[in-house]
Amino acid sequence: MEARAVVKGFQFCTWIDSEKVKRRPPSGSARFSRRLKEEQSKRQVLVAAAHLPKSNRHRHVAVDYSHWNPASTMESGNFHAHFDEAPVLKTKSQEIEPYLKGRCIYLVGMMGSGKTTVGKILSRALNYSFVDSDTFVEHEVGGKSVAEIFKLYGEGFFRDKETEALRKLSMMQRNVVSTGGGAVVRPVNWKCMQKGISVWLDVPLEALAQRIADVGTGSRPLLHHGPGDAYRKTFMCLSSLFEERGDAYANANARVSLENIAAKMGYRDVSNLSPAAIALEALQQIECFLEEERGRARVF
């Protein structure tokens with residue numbers, strides 16, 4: 001029962017953010033009123049679906065997305081939820097929150113996969129704080145950017161600081177943590193993340209390359225390699241990185257496949273998915289992991 005959202009608007013400026021930000025309605029009262037009438041029935045379907053028994057909710061609920069206008073701001077990190085999205089996300093988060101027991105959620109995945117944007121949506125839905133591990137490291141190194149840290153001190157120094165950051169975060173509770181793309185390579189980092197629940201945002205490399213090429217690679221030291229066709233060079237670099245990291249990403253407790261979500265929603269292109277729809281799928285995959293975890297506990 002993935003839902004749609006048009007996402008834009010919030011700015012999170014601190015390295016750890018627990019501020020409760022109010023949603024802004026779409027501009028233009030006449031347009032809002034018209035859309036409210038047109039989508040009233042869809043809202044009822046979505047909210048009702050959120051209260052169905054779990055077996056039905058996972059497998060048999062069909063929602064009409066054909067009239068919703070796709071939009072994606074995965075790279076920008078800014079969003080507000082469509083008015084139909086909030087009750088569905090909140091209902092799902094309320095269902096699983098007691099079973100999380102305060103454990104942190106760690107989002108892993110390739111650079112540009114939307115971990116920051118999706119993480120902020122999840123943190124709001126669960127009433128958690130949001131932490132970007134890269135920003136955490138930047139804060140610890142006197143405010144220098146990741147690109148500057150790579151240039152001044154090298155990748156090894158950054159990875160050590162990243163491990164320190166994850167170790168500190170693993171001692172906290174009620175955080176959604178967006179990790180760096182290469183955090184999964186070190187086994188010690190997984191020991192930290194195993195204290196919480198890890199979720200892999202699995203995005204096709206073609207979509208990642210296009211997304212990153214569109215906004216530029218200047219802030220991404222592993223991809224910034226001078227002139228040339230941005231898409232082709234980015235795709236080749238990402239392919240090489242995924243060869244090194246793919247098996248490590250698969251260690252996550254839950255996997256959110258954008259290709260699977262797009263297929264269920266009738267999209268050919270994953271770029272048409274909203275971050276809120278991806279966040280909802282993440283909550284559902286976390287729920288599946290928690291159910292498996294409770295099942296194992298009953299066995300023993």
Side-chain angles (χ1 to χ4, degrees), residues 12 14-17 74-75 77 103-120 129-172 175-203 205 208-209 211-212 215-226 233-256:
F12 291 74
T14 56
W15 62 271
I16 178 167
D17 197 330
M74 296 298 294
E75 187 65 23
R103 285 179 289 181
C104 293
I105 294 172
Y106 296 90
L107 299 180
V108 302
M110 294 285 285
M111 63 182 78
S113 59
K115 298 185 295 290
T116 296
T117 305
V118 173
K120 288 175 180 177
S129 297
F130 173 76
V131 186
D132 185 304
S133 67
D134 282 353
T135 310
F136 193 112
V137 171
E138 290 172 344
H139 177 83
E140 294 289 295
V141 189
K144 293 181 176 63
S145 69
V146 172
E148 289 173 323
I149 295 170
F150 267 69
K151 184 177 180 180
L152 291 172
Y153 308 114
E155 183 178 358
F157 176 88
F158 172 80
R159 297 300 175 197
D160 289 342
K161 290 295 182 182
E162 182 176 58
T163 296
E164 289 178 18
L166 290 172
R167 186 176 291 115
K168 290 178 181 178
L169 291 169
S170 72
M171 294 184 286
M172 302 178 186
N175 288 326
V176 175
V177 181
S178 168
T179 68
V184 297
V185 174
R186 289 189 172 186
V188 65
N189 293 344
W190 280 109
K191 289 183 180 179
C192 296
M193 292 190 286
Q194 283 170 355
K195 296 180 180 179
I197 297 173
S198 53
V199 180
W200 173 24
L201 299 188
D202 185 7
V203 185
L205 294 181
L208 285 178
R211 183 182 298 164
I212 294 171
V215 299
T217 59
S219 64
R220 302 185 183 280
L222 293 180
L223 298 182
H224 191 53
H225 299 298
K233 290 171 56 179
T234 301
F235 179 78
M236 295 300 292
C237 287
L238 290 174
S239 297
S240 178
L241 288 171
F242 189 76
E243 283 293 320
E244 300 171 7
R245 303 172 179 174
D247 290 342
Y249 290 135
N251 288 326
N253 299 128
R255 172 176 173 256
V256 175

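Atom set for the values below is all heavy atoms of this structure, side chains included, hydrogens, waters and symmetry mates excluded.
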Legend entry - Those residues that, when tested against Ser133, pass side chain to side chain donor-acceptor pair (under 3.5 Å) (two or more places apart): none
Inset, instruction - Would you check if Leu107 and Thr179 make a side-chain contact, meaning some heavy-atom pair closer than 4.5 Å? - result: no
Legend entry - Pairing residues for Ser240 by the side-chain contact (heavy atoms from CB on, under 4.5 Å) criterion, not counting sequence neighbours: Glu244
Legend entry - pair Phe136-Val131: side-chain heavy atoms closer than 4.5 Å: yes
Inset, instruction - State, with a plain yes or no, whether a side-chain heavy atom of Leu208 is found less than 4.5 Å away from one of Ser113. - result: yes
Inset, instruction - Provide the closest heavy-atom pair for Arg211 versus Gly114 in the form atom of the first, atom of the second, distance. - result: NH1-N, 4.1 Å
Inset, instruction - Answer yes or no: is there a side-chain heavy-atom contact under 4.5 Å between Val108 and Leu201? - result: no
Inset, instruction - Applying side-chain contact (heavy atoms from CB on, under 4.5 Å), run through Glu155 and Ile149 and close with a yes or a no. - result: CA-CA 8 Å; Glu155 183 178 358; Ile149 295 170; over 6 Å; no
Inset, instruction - Measure across Ser198 and Ala252 and return the closest heavy-atom pair with its distance rounded to 0.1 Å. - result: OG-CA, 3.2 Å
Inset, instruction - Please answer whether the main-chain N or O of Val184 pairs with a side-chain N or O of Trp190 as donor and acceptor at a distance below 3.5 Å. - result: yes
Legend entry - Pairs satisfying salt bridge (Lys or Arg N to Asp or Glu O under 4.0 Å), at least one member in residues 177-188, at least two apart: Asp160-Arg186
Legend entry - Distance in Å, Met111 CE paired with Ile212 CD1, rounded so as to fall on 0.5 Å steps: 6.0 Å
Legend entry - Approximate separation, where rounding is to 0.5 Å, of Arg245 CZ and Leu238 CG: 9.0 Å
Inset, instruction - Grab the two heavy atoms, one from Ser178 and one from Lys115, that are nearest each other, plus how far apart they are. - result: OG-CB, 3.3 Å
Legend entry - Glu138 and Asp132, any side-chain heavy atoms less than 4.5 Å apart: no
Residues 164-171, side-chain donor-acceptor partners within the protein, below 3.5 Å, at least two apart:
residue, atom, partner, partner atom, Å
Lys168, NZ, Glu140, OE1, 2.9
Ser170, OG, Arg167, O, 2.7

Inset, instruction - For Glu162 and Asp134, run side-chain contact (heavy atoms from CB on, under 4.5 Å): C-alpha distance rounded to whole Å, both residues' side-chain angles, the deciding distance at 0.1 Å, then the answer. - result: CA-CA 7 Å; Glu162 182 176 58; Asp134 282 353; 4.2 Å; yes
Inset, instruction - Could you list the residues that satisfy side-chain contact (heavy atoms from CB on, under 4.5 Å) with Leu152, not counting sequence neighbours? - result: Lys144
Legend entry - Which residues share a salt bridge (charged side-chain N to carboxylate O under 4.0 Å, His left out) with Lys191, sequence neighbours left out: none
Inset, instruction - With the side chain counted from C-beta on, respond yes when Thr135 and Val146 share a heavy-atom pair under 4.5 Å apart, and no when they do not. - result: no
Legend entry - Side-chain heavy atoms of Val199 within contact of Arg255, under 4.5 Å: no
Legend entry - Side chains of Phe242 and Leu205 in contact at under 4.5 Å (non-hydrogen atoms): yes
Inset, instruction - Check side chain to side chain donor-acceptor pair (under 3.5 Å) between Asn189 and all other residues, then give those that pass, not counting sequence neighbours. - result: Thr163
Inset, instruction - Look at the aromatic rings of Trp200 and Tyr249 and report parallel, tilted or perpendicular, splitting at 30° and 60°. - result: parallel
Inset, instruction - With side-chain contact (heavy atoms from CB on, under 4.5 Å) as the test, would you mind laying out the steps for Asn175 and Tyr106 before giving the verdict? - result: CA-CA 8 Å; Asn175 288 326; Tyr106 296 90; over 6 Å; no
Legend entry - Set of residues satisfying ring-ring contact (aromatic ring centres under 6.0 Å, His included) with respect to Phe157, sequence neighbours excluded: Tyr153
Legend entry - Short side-chain to backbone donor-acceptor contact, Lys120 and Phe130, under 3.5 Å: no
Inset, instruction - Identify, with sequence neighbours excluded, every residue that meets ring-ring contact (aromatic ring centres under 6.0 Å, His included) alongside Phe235. - result: none
